[in-house]
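Throughout, protein chains are lettered first and strands after them, A, B, ... in sequence-line order, and every chain is numbered starting at 1.
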Amino acid sequence: MRYTYLTPEMRLFLIAGSVIAFMFVVHFIRKSRVRIEDTMFWIIMCVALVTISVFPQIPFWFARLVRVESPANFVFLVMIAILLVNQFYMTLKISRLQIKITELVQRIAIDSAQTDNDKKEDK
Amino acid sequence: MKVLVIIPAYNEQDNISRVVDNLIENYPQFDYVVVNDGSRDDTARICRERGYNLIDLPVNLGLAGGFQAGLKYAHLKGYDAAIQFDADGQHLPQFIQPMIDEMQSKGVDIVIGSRFVTEKKPVSLRMFGSHLIAFAMKLTTGKKLTDPTSGMRLFNKKMIKEFAMDANYTPEPDTISYLMKNGATVSEIQVQMAERIAGESYLNPVNAMKYMTKMGISIILIQWFRKRRG
(Lines give C-alpha, C1' and ligand atoms only; values in the text may rest on other atoms or scores of the structure.)
Protein backbone atom coordinates (compact mmCIF):
# COMPACT_ATOMS: atom_id res chain seq x y z
CA MET A 1 0.00 0.00 0.00
CA ARG A 2 1.40 3.32 -1.08
CA TYR A 3 0.13 5.48 1.76
CA THR A 4 1.60 4.37 5.07
CA TYR A 5 -0.80 3.75 7.87
CA LEU A 6 -1.62 6.11 10.76
CA THR A 7 -0.50 3.52 13.34
CA PRO A 8 -2.86 2.40 16.12
CA GLU A 9 -0.22 3.47 18.63
CA MET A 10 -0.21 6.97 17.24
CA ARG A 11 -4.00 7.06 17.22
CA LEU A 12 -4.08 6.03 20.86
CA PHE A 13 -1.42 8.60 21.67
CA LEU A 14 -3.41 11.35 19.97
CA ILE A 15 -6.65 10.37 21.71
CA ALA A 16 -5.01 10.18 25.14
CA GLY A 17 -3.22 13.51 24.59
CA SER A 18 -6.45 15.17 23.50
CA VAL A 19 -8.41 13.87 26.46
CA ILE A 20 -5.75 14.99 28.94
CA ALA A 21 -5.51 18.40 27.28
CA PHE A 22 -9.28 18.71 27.37
CA MET A 23 -9.39 17.87 31.09
CA PHE A 24 -6.65 20.39 31.71
CA VAL A 25 -8.59 23.15 29.94
CA VAL A 26 -11.82 22.25 31.75
CA HIS A 27 -9.97 22.36 35.07
CA PHE A 28 -9.00 25.98 34.49
CA ILE A 29 -12.49 26.90 33.32
CA ARG A 30 -13.97 25.44 36.51
CA LYS A 31 -11.56 27.49 38.61
CA SER A 32 -12.47 30.58 36.55
CA ARG A 33 -8.85 31.12 35.71
CA VAL A 34 -9.55 31.49 32.00
CA ARG A 35 -12.40 33.01 30.02
CA ILE A 36 -14.42 30.39 28.17
CA GLU A 37 -14.20 32.28 24.89
CA ASP A 38 -10.40 32.11 25.12
CA THR A 39 -10.44 28.32 25.38
CA MET A 40 -12.33 27.78 22.10
CA PHE A 41 -9.11 27.17 20.18
CA TRP A 42 -8.04 24.42 22.56
CA ILE A 43 -11.42 22.73 22.76
CA ILE A 44 -11.69 22.65 18.97
CA MET A 45 -8.13 21.31 18.70
CA CYS A 46 -8.93 18.51 21.13
CA VAL A 47 -12.11 17.54 19.31
CA ALA A 48 -10.35 17.67 15.95
CA LEU A 49 -7.53 15.43 17.17
CA VAL A 50 -9.92 12.87 18.59
CA THR A 51 -11.89 12.96 15.36
CA ILE A 52 -8.90 12.23 13.13
CA SER A 53 -7.71 9.54 15.52
CA VAL A 54 -11.06 7.79 15.43
CA PHE A 55 -11.55 8.33 11.72
CA PRO A 56 -8.05 8.16 10.17
CA GLN A 57 -9.76 8.06 6.78
CA ILE A 58 -10.02 11.83 7.06
CA PRO A 59 -6.26 12.57 7.14
CA PHE A 60 -5.82 9.77 4.59
CA TRP A 61 -8.13 11.44 2.20
CA PHE A 62 -6.47 14.84 2.58
CA ALA A 63 -2.96 13.37 2.42
CA ARG A 64 -3.82 11.68 -0.86
CA LEU A 65 -5.38 14.89 -2.11
CA VAL A 66 -2.19 16.90 -1.64
CA ARG A 67 0.06 13.87 -2.36
CA VAL A 68 1.83 13.73 0.99
CA GLU A 69 3.65 10.42 1.49
CA SER A 70 2.29 9.63 4.95
CA PRO A 71 -0.93 10.76 6.67
CA ALA A 72 1.08 11.18 9.90
CA ASN A 73 3.27 13.77 8.18
CA PHE A 74 0.19 15.48 6.92
CA VAL A 75 -1.26 15.63 10.43
CA PHE A 76 2.02 17.13 11.73
CA LEU A 77 2.14 19.69 8.95
CA VAL A 78 -1.42 20.86 9.55
CA MET A 79 -0.90 21.03 13.30
CA ILE A 80 2.25 23.14 12.96
CA ALA A 81 0.49 25.49 10.57
CA ILE A 82 -2.46 25.89 12.94
CA LEU A 83 -0.14 26.54 15.88
CA LEU A 84 1.79 29.19 13.94
CA VAL A 85 -1.39 31.00 12.99
CA ASN A 86 -2.63 30.80 16.56
CA GLN A 87 0.67 32.11 17.87
CA PHE A 88 0.48 35.09 15.59
CA TYR A 89 -2.99 35.85 16.88
CA MET A 90 -1.63 35.66 20.40
CA THR A 91 1.09 38.16 19.47
CA LEU A 92 -1.64 40.46 18.16
CA LYS A 93 -3.60 40.03 21.35
CA ILE A 94 -0.61 40.73 23.58
CA SER A 95 0.24 43.83 21.55
CA ARG A 96 -3.31 45.04 21.89
CA LEU A 97 -3.18 44.52 25.64
CA GLN A 98 0.18 46.30 25.83
CA ILE A 99 -1.23 49.29 23.94
CA LYS A 100 -4.26 49.38 26.24
CA ILE A 101 -2.11 49.22 29.37
CA THR A 102 0.11 52.02 28.07
CA GLU A 103 -2.96 54.17 27.39
CA LEU A 104 -4.38 53.48 30.84
CA VAL A 105 -1.13 54.12 32.71
CA GLN A 106 -0.58 57.39 30.85
CA ARG A 107 -4.15 58.47 31.43
CA ILE A 108 -3.99 57.75 35.17
CA ALA A 109 -0.66 59.57 35.54
CA ILE A 110 -1.70 62.63 33.52
CA ASP A 111 -5.03 62.90 35.31
CA SER A 112 -3.43 62.74 38.74
CA ALA A 113 -0.75 65.25 37.67
CA GLN A 114 -3.55 67.64 36.78
CA THR A 115 -5.29 67.07 40.09
CA ASP A 116 -1.98 67.79 41.86
CA ASN A 117 -1.54 71.02 39.90
CA ASP A 118 -5.10 72.12 40.69
CA LYS A 119 -4.41 71.55 44.39
CA LYS A 120 -1.21 73.60 44.19
CA GLU A 121 -3.09 76.46 42.56
CA ASP A 122 -5.80 76.35 45.23
CA LYS A 123 -3.25 76.84 48.00
CA MET B 1 6.25 80.01 21.49
CA LYS B 2 5.20 77.89 24.48
CA VAL B 3 7.77 75.14 24.96
CA LEU B 4 7.55 72.17 27.29
CA VAL B 5 10.69 70.38 28.46
CA ILE B 6 9.83 66.70 28.93
CA ILE B 7 12.16 64.87 31.30
CA PRO B 8 11.58 61.11 31.29
CA ALA B 9 13.14 59.64 34.44
CA TYR B 10 13.67 56.01 35.34
CA ASN B 11 15.63 55.33 38.55
CA GLU B 12 17.34 58.72 38.48
CA GLN B 13 17.30 59.58 42.19
CA ASP B 14 20.94 60.71 42.07
CA ASN B 15 20.52 63.03 39.10
CA ILE B 16 16.96 64.29 38.99
CA SER B 17 17.14 67.16 41.48
CA ARG B 18 20.37 68.55 40.00
CA VAL B 19 18.93 68.49 36.49
CA VAL B 20 15.51 69.93 37.35
CA ASP B 21 16.79 72.55 39.83
CA ASN B 22 19.18 73.82 37.18
CA LEU B 23 16.24 74.20 34.78
CA ILE B 24 14.01 75.92 37.35
CA GLU B 25 16.67 78.34 38.58
CA ASN B 26 18.45 79.23 35.36
CA TYR B 27 15.80 78.69 32.70
CA PRO B 28 12.49 79.73 34.25
CA GLN B 29 11.18 80.73 30.81
CA PHE B 30 10.61 77.05 29.96
CA ASP B 31 7.84 74.91 31.40
CA TYR B 32 8.94 71.41 32.26
CA VAL B 33 7.39 68.14 33.33
CA VAL B 34 9.16 65.15 34.85
CA VAL B 35 7.74 61.81 33.73
CA ASN B 36 8.63 59.25 36.38
CA ASP B 37 8.46 55.95 34.53
CA GLY B 38 7.59 53.66 37.44
CA SER B 39 11.03 54.01 39.06
CA ARG B 40 11.83 51.57 41.83
CA ASP B 41 14.07 54.08 43.63
CA ASP B 42 13.24 57.43 45.26
CA THR B 43 12.82 59.45 42.06
CA ALA B 44 9.08 60.01 42.60
CA ARG B 45 9.48 60.89 46.29
CA ILE B 46 12.22 63.44 45.53
CA CYS B 47 10.05 65.05 42.84
CA ARG B 48 7.05 65.26 45.21
CA GLU B 49 9.07 66.70 48.10
CA ARG B 50 10.55 69.36 45.89
CA GLY B 51 7.20 70.15 44.33
CA TYR B 52 8.24 69.42 40.76
CA ASN B 53 5.66 69.26 38.04
CA LEU B 54 5.35 65.49 37.84
CA ILE B 55 3.60 62.84 35.78
CA ASP B 56 3.99 59.74 37.89
CA LEU B 57 3.42 56.56 35.88
CA PRO B 58 2.25 53.80 38.26
CA VAL B 59 4.10 51.09 36.31
CA ASN B 60 7.15 51.12 34.09
CA LEU B 61 6.32 51.62 30.40
CA GLY B 62 9.79 52.13 28.95
CA LEU B 63 11.21 55.31 27.42
CA ALA B 64 8.74 55.36 24.53
CA GLY B 65 5.66 55.11 26.75
CA GLY B 66 7.04 57.59 29.27
CA PHE B 67 7.99 60.18 26.70
CA GLN B 68 4.67 59.70 24.97
CA ALA B 69 2.90 60.46 28.27
CA GLY B 70 4.80 63.76 28.31
CA LEU B 71 3.74 64.50 24.74
CA LYS B 72 0.11 63.71 25.52
CA TYR B 73 0.36 66.20 28.36
CA ALA B 74 1.91 68.76 25.99
CA HIS B 75 -0.86 68.14 23.48
CA LEU B 76 -3.54 68.47 26.16
CA LYS B 77 -2.08 71.74 27.44
CA GLY B 78 -1.65 73.16 23.93
CA TYR B 79 2.13 73.58 23.84
CA ASP B 80 3.69 74.75 20.58
CA ALA B 81 6.77 72.61 20.96
CA ALA B 82 8.19 69.96 23.26
CA ILE B 83 11.74 68.85 23.82
CA GLN B 84 12.97 65.47 24.99
CA PHE B 85 15.47 66.10 27.77
CA ASP B 86 17.43 63.42 29.62
CA ALA B 87 17.15 63.22 33.40
CA ASP B 88 20.73 62.03 33.80
CA GLY B 89 22.26 65.41 33.05
CA GLN B 90 23.63 64.52 29.61
CA HIS B 91 21.60 67.20 27.89
CA LEU B 92 22.55 70.79 28.61
CA PRO B 93 19.75 73.36 28.91
CA GLN B 94 21.77 76.20 27.33
CA PHE B 95 21.11 74.53 23.97
CA ILE B 96 17.32 74.53 24.28
CA GLN B 97 16.89 78.12 23.13
CA PRO B 98 19.19 77.73 20.08
CA MET B 99 17.12 74.68 19.09
CA ILE B 100 13.89 76.67 19.40
CA ASP B 101 15.45 79.48 17.33
CA GLU B 102 16.40 76.95 14.67
CA MET B 103 12.85 75.58 14.58
CA GLN B 104 11.36 79.05 14.21
CA SER B 105 13.81 80.38 11.64
CA LYS B 106 13.81 77.26 9.44
CA GLY B 107 10.17 76.33 10.07
CA VAL B 108 11.05 72.64 10.50
CA ASP B 109 9.03 69.97 12.30
CA ILE B 110 11.88 68.44 14.29
CA VAL B 111 15.18 69.88 15.50
CA ILE B 112 17.84 67.45 16.68
CA GLY B 113 20.60 68.52 19.03
CA SER B 114 23.54 66.85 17.31
CA ARG B 115 27.00 66.28 18.71
CA PHE B 116 28.53 66.06 15.25
CA VAL B 117 27.43 68.92 12.99
CA THR B 118 30.72 70.79 13.27
CA GLU B 119 32.56 68.34 15.51
CA LYS B 120 33.97 65.11 14.10
CA LYS B 121 32.47 61.78 15.10
CA PRO B 122 34.99 59.89 17.21
CA VAL B 123 35.92 56.36 16.16
CA SER B 124 34.45 53.88 18.64
CA LEU B 125 32.18 50.88 18.70
CA ARG B 126 29.30 53.05 19.82
CA MET B 127 29.82 55.49 16.99
CA PHE B 128 30.02 52.58 14.57
CA GLY B 129 26.40 51.92 15.52
CA SER B 130 25.58 55.55 14.91
CA HIS B 131 27.19 55.32 11.44
CA LEU B 132 25.17 52.20 10.64
CA ILE B 133 21.89 53.85 11.61
CA ALA B 134 22.79 56.99 9.67
CA PHE B 135 23.58 54.79 6.66
CA ALA B 136 20.27 52.93 6.91
CA MET B 137 18.44 56.27 7.10
CA LYS B 138 20.37 57.58 4.10
CA LEU B 139 19.34 54.46 2.17
CA THR B 140 15.64 54.87 2.89
CA THR B 141 15.20 58.63 3.07
CA GLY B 142 18.09 59.86 0.92
CA LYS B 143 18.89 62.35 3.66
CA LYS B 144 21.80 62.40 6.02
CA LEU B 145 21.72 62.96 9.76
CA THR B 146 24.98 63.49 11.61
CA ASP B 147 23.68 62.24 14.97
CA PRO B 148 20.61 60.02 14.53
CA THR B 149 20.83 58.52 18.02
CA SER B 150 20.89 61.86 19.85
CA GLY B 151 18.08 61.86 22.39
CA MET B 152 17.77 65.64 22.45
CA ARG B 153 14.96 66.34 20.03
CA LEU B 154 12.55 69.24 19.72
CA PHE B 155 9.14 68.56 18.19
CA ASN B 156 6.66 71.12 16.89
CA LYS B 157 2.94 71.15 17.52
CA LYS B 158 2.09 68.95 14.56
CA MET B 159 4.61 66.30 15.65
CA ILE B 160 3.39 66.44 19.27
CA LYS B 161 -0.07 65.54 18.09
CA GLU B 162 1.10 62.69 15.86
CA PHE B 163 3.35 61.25 18.55
CA ALA B 164 0.61 61.50 21.16
CA MET B 165 -1.83 59.50 19.05
CA ASP B 166 0.14 56.53 17.73
CA ALA B 167 1.52 53.55 19.64
CA ASN B 168 4.29 53.01 17.10
CA TYR B 169 5.71 56.54 17.30
CA THR B 170 8.65 55.93 19.58
CA PRO B 171 11.27 58.62 20.16
CA GLU B 172 13.87 56.61 18.28
CA PRO B 173 15.75 56.97 14.97
CA ASP B 174 13.37 54.63 13.15
CA THR B 175 10.39 56.93 13.72
CA ILE B 176 12.46 60.00 12.79
CA SER B 177 13.55 58.23 9.63
CA TYR B 178 9.98 57.22 8.83
CA LEU B 179 8.73 60.77 9.34
CA MET B 180 11.51 62.18 7.17
CA LYS B 181 10.61 59.77 4.40
CA ASN B 182 7.02 60.99 4.71
CA GLY B 183 7.81 64.65 4.36
CA ALA B 184 8.55 65.82 7.89
CA THR B 185 11.37 68.36 7.91
CA VAL B 186 14.31 67.83 10.23
CA SER B 187 17.19 70.11 11.06
CA GLU B 188 20.26 69.57 13.21
CA ILE B 189 22.26 72.04 15.23
CA GLN B 190 25.52 71.50 17.07
CA VAL B 191 25.21 70.91 20.81
CA GLN B 192 27.51 69.65 23.51
CA MET B 193 26.55 66.83 25.82
CA ALA B 194 27.89 65.99 29.25
CA GLU B 195 28.91 62.60 30.51
CA ARG B 196 26.42 61.12 32.93
CA ILE B 197 27.56 61.90 36.48
CA ALA B 198 25.72 59.31 38.57
CA GLY B 199 23.74 56.16 37.94
CA GLU B 200 24.12 53.54 35.27
CA SER B 201 23.53 53.70 31.55
CA TYR B 202 21.37 50.94 30.11
CA LEU B 203 23.70 50.76 27.13
CA ASN B 204 25.60 47.52 27.59
CA PRO B 205 26.81 45.46 24.61
CA VAL B 206 23.80 43.12 24.65
CA ASN B 207 21.29 45.96 24.72
CA ALA B 208 23.26 47.80 22.06
CA MET B 209 23.07 44.76 19.79
CA LYS B 210 19.32 44.39 20.38
CA TYR B 211 18.83 48.09 19.72
CA MET B 212 20.83 48.01 16.50
CA THR B 213 18.96 44.97 15.22
CA LYS B 214 15.59 46.53 15.99
CA MET B 215 16.54 49.84 14.40
CA GLY B 216 18.04 48.15 11.35
CA ILE B 217 14.99 46.01 10.66
CA SER B 218 12.61 48.85 11.38
CA ILE B 219 14.39 51.49 9.30
CA ILE B 220 15.24 49.37 6.27
CA LEU B 221 12.28 46.99 6.13
CA ILE B 222 9.21 47.99 8.13
CA GLN B 223 9.07 51.71 7.29
CA TRP B 224 7.77 50.95 3.83
CA PHE B 225 4.63 49.45 5.28
CA ARG B 226 3.84 51.88 8.06
CA LYS B 227 0.75 53.97 7.71
CA ARG B 228 0.89 57.59 8.68
CA ARG B 229 -1.88 59.18 10.65
CA GLY B 230 -3.11 62.72 10.56
Mind running side chain to side chain contact (heavy atoms under 4.5 Å, CB included) on B/Tyr32 and B/Tyr52 for me, showing each step along the way? CA-CA 9 Å; B/Tyr32 73 91; B/Tyr52 295 160; 3.6 Å; yes

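- Contacts of A/Gln114 with chain B are made by side-chain atoms alone, with heavy-atom separations under 4.5 Å and no backbone atom involved.
- The part of B/Leu54 that comes within reach of chain A is its backbone (N, CA, C, O), which places non-hydrogen atoms under 4.5 angstrom from that chain.
- The cationic atom of B/Arg226 (NZ for Lys, CZ for Arg) lies less than 6.0 Å from the six-membered ring centre of B/Tyr169 and within 45° of the ring axis.
- Only the side chain of A/Ile99 comes within contact range of chain B, judged by heavy atoms closer than 4.5 Å.
- With salt bridges taken as basic N to acidic carboxylate O contacts below 4.0 Å, none links B/Lys2 and B/Asp31.
- Looking only at distances, no side-chain donor or acceptor of B/Gln68 sits under 3.5 Å from a matching main-chain atom of B/Thr170.
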